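Here's the structure we're looking at; comments come further down.
If you read the sequence from its start, that first residue is 1, and numbering goes on from there. Every value quoted in this text rests on a predicted model; they were computed, and no experiment measured them.
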Amino acid sequence: MTFPAEYQALKSGLWVRALLRQAASRNETGMVLRKGDEDAGAIIVVLTDRHGRLAALQERRQGWKRHDFTPLPPEGGSETAAGADAALQERRLTEQRLATWLERQSNTDPDLWVVELELEDASQPLETTLSPRRATM
């Protein structure tokens, strides 16, 4: 018996645990922020780094879609106290935008998984190397 392609996918929980193991093997930190349906929940991977960059990879049928939430650098740089305060404020606003977006996604899909990875550089295109969960035919 052959199942249609939309049913040929790794279970979400198994895929998330594999992702976290891969991250740990590269000395990256990862954690589950929201646990969804173990079998078929959709997955969002939040990417962060020490430089304040934020992005989210949203699972799609054809692969991963990147959503950038990285704040713009403050005018005048962050060398001054005012620049550092502006950078911190912008980071907080960016984190709030991400939290609001994740809330909307989880309201739309109660089975959603949200996983966070802290990388060396969140601006790198991780979505091109992330293994797909669904079979491609």
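- Two residues are said to be in side-chain contact when any heavy atoms from C-beta on lie closer than 4.5 Å; Trp101 and Gln96 fail this criterion.
- In this structure, Ser106 and Arg34 have side chains that are in contact, with non-hydrogen atoms separated by less than 4.5 Å.
- To the nearest 0.5 Å, atoms OG1 (Thr100) and CD (Gln105) are separated by 11.5 Å.
- Put simply, the side chain of Leu19 reaches to within 4.5 Å of the side chain of Leu130, judged on heavy atoms.
- Rounding to the nearest 0.5 Å places CH2 of Trp15 at 9.0 Å from CG of Leu20.
- Note on Glu38 versus Arg17: salt bridge recorded, some NZ/NE/NH1/NH2 to OD/OE distance being below 4.0 Å.
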- Show the numbers, then the answer: is there a side chain to side chain contact (heavy atoms under 4.5 Å, CB included) between Thr48 and Leu117? CA-CA 6 Å; Thr48 66; Leu117 296 179; over 6 Å; no

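- Taking CG of Asp109 as the reference point, atom CD of Glu59 lies at 9.5 Å (rounded to 0.5 Å).
- The line from OG of Ser12 to CG of Asp39 is 7.5 Å long, rounded to the nearest 0.5 Å.
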- Query: Is there a side chain to side chain contact (heavy atoms under 4.5 Å, CB included) between Trp64 and Ile44 once you walk through the steps?
  - Reply: CA-CA 9 Å; Trp64 296 92; Ile44 291 178; over 6 Å; no

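- Between atom NE2 of residue His51 and atom OG of residue Ser123 there is a gap of 8.5 Å, rounded to the nearest 0.5 Å.
- Contact check on Glu118 versus Arg50 returns a salt bridge, with a Lys/Arg side-chain nitrogen under 4.0 Å from an Asp/Glu carboxylate oxygen.
- When all heavy atoms of Thr108 and Arg104 are compared, the closest pair comes out as OG1-O, 2.9 Å.
- The closest side-chain heavy-atom distance from Val46 to Leu102 is below 4.5 Å.
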- Could you go step by step and tell me if Glu127 and Lys65 meet the side chain to side chain contact (heavy atoms under 4.5 Å, CB included) rule? CA-CA 8 Å; Glu127 62 273 21; Lys65 179 180 179 183; over 6 Å; no

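- Remark: Arg26 CZ is packed, more than 12 non-hydrogen atoms of other residues, nucleotides or ligands lying under 6.0 Å away.
- A chain of hydrophobic side-chain contacts below 4.5 Å, direct or via other Ile, Leu, Val, Met, Phe, Trp or Tyr residues, connects Leu98 to Leu33.
- Using a 4.5 Å heavy-atom threshold, the side chains of Glu120 and Asp49 count as separate.
- In this structure, Glu116 CD and Thr29 OG1 are separated by 9.0 Å, a value rounded to the nearest 0.5 Å.
- Taking each heavy atom of Ala122 and Arg66 in turn, the nearest pair found is O-NH1, 3.2 Å.
- When only modelled atom types and interatomic distance are considered, Glu28 and Gln22 share no side-chain donor-acceptor pair under 3.5 Å.
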- Are Leu126 and Leu47 close enough, and set up right, to give a side chain to side chain contact (heavy atoms under 4.5 Å, CB included), and what steps lead you there? CA-CA 9 Å; Leu126 181 66; Leu47 308 175; 3.6 Å; yes

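- Taking hydrophobic clusters as Ile, Leu, Val, Met, Phe, Trp and Tyr residues chained together by side-chain heavy-atom distances below 4.5 Å, Trp113 shares a cluster with Leu14.
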